[in-house]
Amino acid sequence: MGLFSKKHKRDADMDHAAERKRMVDEQIIRRNVLDERVLTAMQTVPRHLFLPGRYRASAYEDGPLSIGHEQTISQPYIVASMTEQLEIGPDSRVLEIGTGCGYQTAVLAEIAGNVFSVEIVAELHQAAKARLHQLEYKNIHLQLGDGSMGWESESPFDGIIVTAAAKHVPENLLKQLGVGGTMVIPIGGQYDNQRLIKITRTQSGLVTETLYPVRFVPLVGDSFPPT
Ligand code: SAH
């Protein structure tokens, strides 16, 4: 790359860093997500590079976006809030169900030791793999398949995050949550009446909390036939 294009690239990155700063201040801190590690990750991951070219101008806006394959990239605030609820750190092993474009995966990988993510749509899995490789993430492991089965050979996990809505909590996922680990999962109907649920496995059993209403695409696959 020549000098001109290098400078050009750096200027473009700086523009986006300013947009990200505004996103973090106005959408995330203002809504009370205050965990420094989460804020730093949201400030770092280049969200625009996870979107097809024609949507990039909207990358730092306050909402989810459709990105093809009946597929969405979650609202920045939801990504930040779910990440904060997971209560993970540099030693954590995290399982994500629903890689999608890989944006949430990258945010997790900025904080956790290792991130394992499963996607059921082959094209999305391939595209996320290429993108995350290009961004040089070394602690992300991707698999194509039905995530409601989890990723048993890599379990137990300190955090499990499901980014599609299920009618009930998949048993296989619960089994793969280690003691002290936390799962966040949207539970509810096709597109409405969903609540984000937080489940923590303590020494003495599971503790379940209902957090807030959300709207995710449905979890599909053998364990979740479409209704
Ligand atoms: N994590 C994404 C959001 C993904 S949207 C983000 O950062 O924006 C939900 C994703 O879950 C879709 O890509 C969908 O294909 C995937 N999905 C749905 N059911 C699944 C299943 N059973 N196993 C794995 N992925 C699934």
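Note that ligands are numbered from 1 as they come in the structure, with each ligand's atoms numbered from 1 the same way.
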Give the atoms of ligand 1, by number and element, whose distance to some non-hydrogen atom of [X] is under 4.0 Å.
X	result
Val118	24 (C), 25 (N)
Thr72	3 (C), 4 (C), 5 (S), 8 (O)
Glu96	1 (N)
Gln104	1 (N), 7 (O)
Asp146	21 (C), 22 (N), 23 (N)
Ile73	8 (O)
Gly98	1 (N), 2 (C), 4 (C), 10 (C), 11 (O), 16 (C), 25 (N)

Short side-chain to backbone donor-acceptor contact, [X] and [Y], under 3.5 Å:
X	Y	result
Glu96	Ile161	no
Arg195	Thr210	no
Gln27	Gln75	no
Asp158	Ile88	no

Side chains of Thr83 and Gln104: do they bring a donor and an acceptor to under 3.5 Å? yes
Could you say whether the N/O atoms of [X] and ligand 1 ever approach to under 3.5 Å?
X	value
Gly147	yes
Ser74	yes
Cys101	no

What salt bridge (Lys or Arg N to Asp or Glu O under 4.0 Å) pairs are there with at least one residue in residues 34-46, not counting sequence neighbours? Asp35-Arg37
Examine the proximity of ligand 1 to [X] and report which part, side chain or backbone, both or neither, has a heavy atom under 4.0 Å away.
X	result
Val121	side chain
Leu124	side chain
Val217	side chain

Contact check, Gly145 vs ligand 1, heavy-atom distance below 4.0 Å: yes
Are any of the heavy atoms in Thr99 under 4.0 Å away from ligand 1? yes
Please determine if Asp62 and Arg31 form a salt bridge, counting it only when a charged side-chain N lies under 4.0 Å from a carboxylate O. yes
If Ile, Leu, Val, Met, Phe, Trp and Tyr residues are connected whenever their side-chain heavy atoms lie under 4.5 Å apart, and connections chain through other members, are Leu51 and Val107 in the same group? yes
Applying the 4.5 Å side-chain criterion to the ILVMFWY set and letting contacts propagate, would Val179 and Ile199 be lumped into a single cluster? no
Among Leu65, Val220, Leu219, Ile120, which one puts a heavy atom closest to atom 22 (N) of ligand 1? Val220
Please list all pairs meeting ring-ring contact (aromatic ring centres under 6.0 Å, His included) that have one or both residues in residues 78-121, counting only residues at least two apart or in different chains. Phe50-Tyr103, Phe116-His141, Phe116-Trp151, Phe116-Phe157
